There are 2 protein chains.
Amino acid sequence: MATDHQTASTTTMLRVMNERAVFGEIFRLGPVSRPELAQATGLSKPTISVALANLGRAGLVREVGLRAGPAGRSAVLYEARPEAGWVLAVDIGRSFVRLVLANLAGTIVTRIDDPSGSRNPTDLLAQLTGLADRLTAQVGITRADVTLTVFGTPGIHDKETGSLHLAPNLPGWDLPGAVDRFSVVSPSPYLVENDTDLAAVGEATHGLGLGVAHFAYMSIGTGTGMGIVIDGKLYRGARGCAGEISYLPIGEGDPLQDDPAATRRGMFETVASADGIVAAAQRLGWTKATSAKEVFDAARAGDPIAQRAVEVEVNHVAHALAAVTAVLDLELIVLGGGVGVQGGDLLIGPIQDRLRHLVALQPPRIEVSSLGADAVLDGAVAVGVTAARDLVLDRTVAANA
Amino acid sequence: MATDHQTASTTTMLRVMNERAVFGEIFRLGPVSRPELAQATGLSKPTISVALANLGRAGLVREVGLRAGPAGRSAVLYEARPEAGWVLAVDIGRSFVRLVLANLAGTIVTRIDDPSGSRNPTDLLAQLTGLADRLTAQVGITRADVTLTVFGTPGIHDKETGSLHLAPNLPGWDLPGAVDRFSVVSPSPYLVENDTDLAAVGEATHGLGLGVAHFAYMSIGTGTGMGIVIDGKLYRGARGCAGEISYLPIGEGDPLQDDPAATRRGMFETVASADGIVAAAQRLGWTKATSAKEVFDAARAGDPIAQRAVEVEVNHVAHALAAVTAVLDLELIVLGGGVGVQGGDLLIGPIQDRLRHLVALQPPRIEVSSLGADAVLDGAVAVGVTAARDLVLDRTVAANA
DNA sequence: GAAATTCGTAATGGACCTTTACGAACCCGT
DNA sequence: ACGGGTTCGTAAAGGTCCATTACGAATTTC
């Protein structure tokens, strides 16, 4: 058991803690009065006043009008200064790169979606830098004013070597130091997170995972992946590889597994991703099947071969979720990715039935993501905002010291 | 993301926090002087003195001799008063119940191992109450002086209904309210934890999991189970069913799965537990095989059928660990239980090889438990000690208020 | 326009911790 | 044995932070 022995504190640390609490409540409650903050934090009115004065002097908080009550003097409302910090969130997707700029409240101010060009480090970084320039210019700042940048990428970021593993679609990014070059996009500190993990955070912040302690976001599309939220926090695993469900040992005996490349790609991904569905349909007799969407549409129209292919997919996903349930006992699985979103209506019910037969435990709820493709960006903003708030607060504390 | 918004604090809470920190350091460092405590906590010497005075007045801490240094006045040493609190740990095992009494430092003072008799609630509780009486008498206290009791049981404790699920070997304990009857064993508060989970905590505290952030204890014996430690803390899952790997969908196609009871018992447990090994050996031609130990011994002696049966087991366990690795990306798997301990030498190497073929990720280290059957009790003591320390401290705070 | 109500802050006091200072206790060498 | 050097423990003083109380300011209602 990690012995993070309880740390002792001095009076000055107390004020820092309380200022942090006040700052957090301001975000949580929106424009808010002093009495409301006192109520929310349990601190006294004078203490709130002092904290607000400090936060205001540091440029983190500002007055924003009055609130008239049913009786009595109107209260001054406070809110976080939008320009106290900026978060740049970047989703390096398959066919698009998407960038948004958000303020510390998590409000997205501008956004650019740009088709992916060449994705080697040099070209991609040039593209991102240009887009970041355009984005920041739209709100009258420069890249240097960004507090924190979050990059959502496929694969696993190895901080030791600065390289990206398991991301075959990003050529050249697996070389040592490649990821470190993200620093050219903005001089701010930056975080690199797996895109599926960020989508899970997005669901936890704005989506179906709101208020759910333990859940996972399962993405099925061109590939497969899972972002796991445990105790409300993203779980990354010992080396950042948690949720790499492509490698679940599922689908043994399926003819697709005969391909020697199947193991390298991962057994589950080989059979359950979009082209696994297509291959299943072809094998079942629909030789001209080309896309998973097509298979789902045909199944909805009553085509028996397509329906049989969907059944195969259901079986694979149910096995994967059986493994996840046996290990993690989650409350909820949010289904995302191309297959998850397009086929969710066909899949969820049968998966739940199958799952109940596979494990004698209470299975998790299964639902289709409500955020769609924006889940990654939402998660990136959420991750960035919490980290950026800490950054600006730390600066304030350092300045007051 | 669970919004456990940072909580604000007042000055009085500061002293409580610091007293807690001092108390914790006393346990961590053993007999310790005031200057050492000041160093360890970062607090000043006078503050340490005040804290020790309070803890002493509450009977939690006492002086214990002097330490002479190379020069200068000798420092007074302090230690936790052994009789400040007692933890009763109970392991309700298959063929034995084991009870230990430990002080707040986690030192086991007395122990009783007693063969299991009838295991229905009434008989088992009578047995436990009698044993608790004997145990407490040995140190001159009564059951009423126990601060906290921890029961390690198979199955899952459902706090809503007070019943024990998934524990077929404890007849009658699945009825609502059965578990609540544990209160007759001692008037103290009590905790009920899954035995495998406790073993994981034991490994984390005294065993191979020491200092490892993310690992799991995998028990294979009569049944199968897994205790998962994430971020140094036991992970229980949404309903306490995390680590119920019996239900991993592994071994499909194995003839054992034809039995309709297999699903209820769990696919993995059916094929991989001790009798699964025996059945495999029988099917391979050794019809008079009776125990897993026998199979392992024969395999070591070179018997080809036994070796083949071990290979089957290796394959099943490797598949289970592949699933766990793909989902959780752990650093370490500690192997325990009868099969794990007796067959570990034969299993670990081949499992690792097989695992490397199944997943293209870096597999976890695999090692055999060094604690053996005591892991459960060690974990129960560890869980109980941390909870009991909080209890006695809370009482002190309440008394001082 | 007065009563009632709510807000904001000034003043006071208390709780906690640290720093400084000094006496107490102990070692060692002569 | 005794004095110098060193470490320990606590007393005194000072500073920071927060809560309570009190009161003036601002606003609504009647």
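Side chains are part of it too, since the values below use all heavy atoms of this structure and drop only hydrogens, waters and symmetry mates. These numbers were taken from a predicted model, which means no experiment stands behind them. So you know, we letter chains A, B, ... as the sequences are listed, proteins then strands, and number each from 1.
Between the P atom of D/dA19 and the CG atom of A/L37 lies a distance of 13 Å, rounded to the nearest Å. Between B/M13 atom CE and C/dG14 atom P the separation is 22 Å, expressed in whole Å. At whole-Å resolution of the value, CG in A/N54 and P in D/dT16 are 13 Å apart. The distance between atom CD1 of B/I48 and atom P of C/dC16, rounded to the nearest whole Å, is 15 Å. Distance CG (B/L43) to P (C/dT19): 11 Å, rounded to an integer number of Å.
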Write down the protein N/O and nucleotide N/O pairs, taken from nucleotides 7-9 of chain D, whose separation is under 3.5 Å; answer none if there are no such pairs.
from: D/dT7; atom 1: O2; to: B/R73; atom 2: N; distance (Å): 3.0
from: D/dC8; atom 1: O2; to: B/R73; atom 2: NH1; distance (Å): 2.9
from: D/dG9; atom 1: OP1; to: B/V76; atom 2: N; distance (Å): 2.7
from: D/dG9; atom 1: N7; to: B/K45; atom 2: NZ; distance (Å): 3.1

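Between B/F151 and B/F182, the ring planes are parallel. Angles under 30° get that label, and only those over 60° would be called perpendicular.
Ring to ring, B/Y235 and A/H214 are close: their centroids are under 6.0 angstrom apart.
Under the ring-ring contact (aromatic ring centres under 6.0 Å, His included) criterion, no residue pair touches residues 53-86 of chain A, with sequence neighbours excluded. Here salt bridge (charged side-chain N to carboxylate O under 4.0 Å, His left out) pairs that include residues 64-85 of chain B, with residues two or more places apart or in two chains, are B/E36-B/R67, B/R62-B/E79.
In the set C/dA10, D/dC17, C/dT18, the nucleotide with an atom closest to the side chain of A/P46 is C/dA10. With C/dA15, D/dA11, C/dA10 as the choices, the nucleotide that has an atom nearest any side-chain atom of B/T11 turns out to be C/dA15. Comparing D/dT20, C/dT18, C/dA15 against the side chain of B/T12 picks out C/dA15 as the nearest.
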* Just do the side chain to side chain donor-acceptor pair (under 3.5 Å) check on A/T149 and A/S186 with the steps written out, would you? => CA-CA 7 Å; A/T149 308; A/S186 120; 3.3 Å; yes
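Looking only at atom types and distance, the side chain of A/N54 has a donor-acceptor partner in the side chain of A/R57 under 3.5 Å away.
Residue-level contact check: B/S44 touches the bases, meaning some heavy atom is under 4.0 Å from a base atom.
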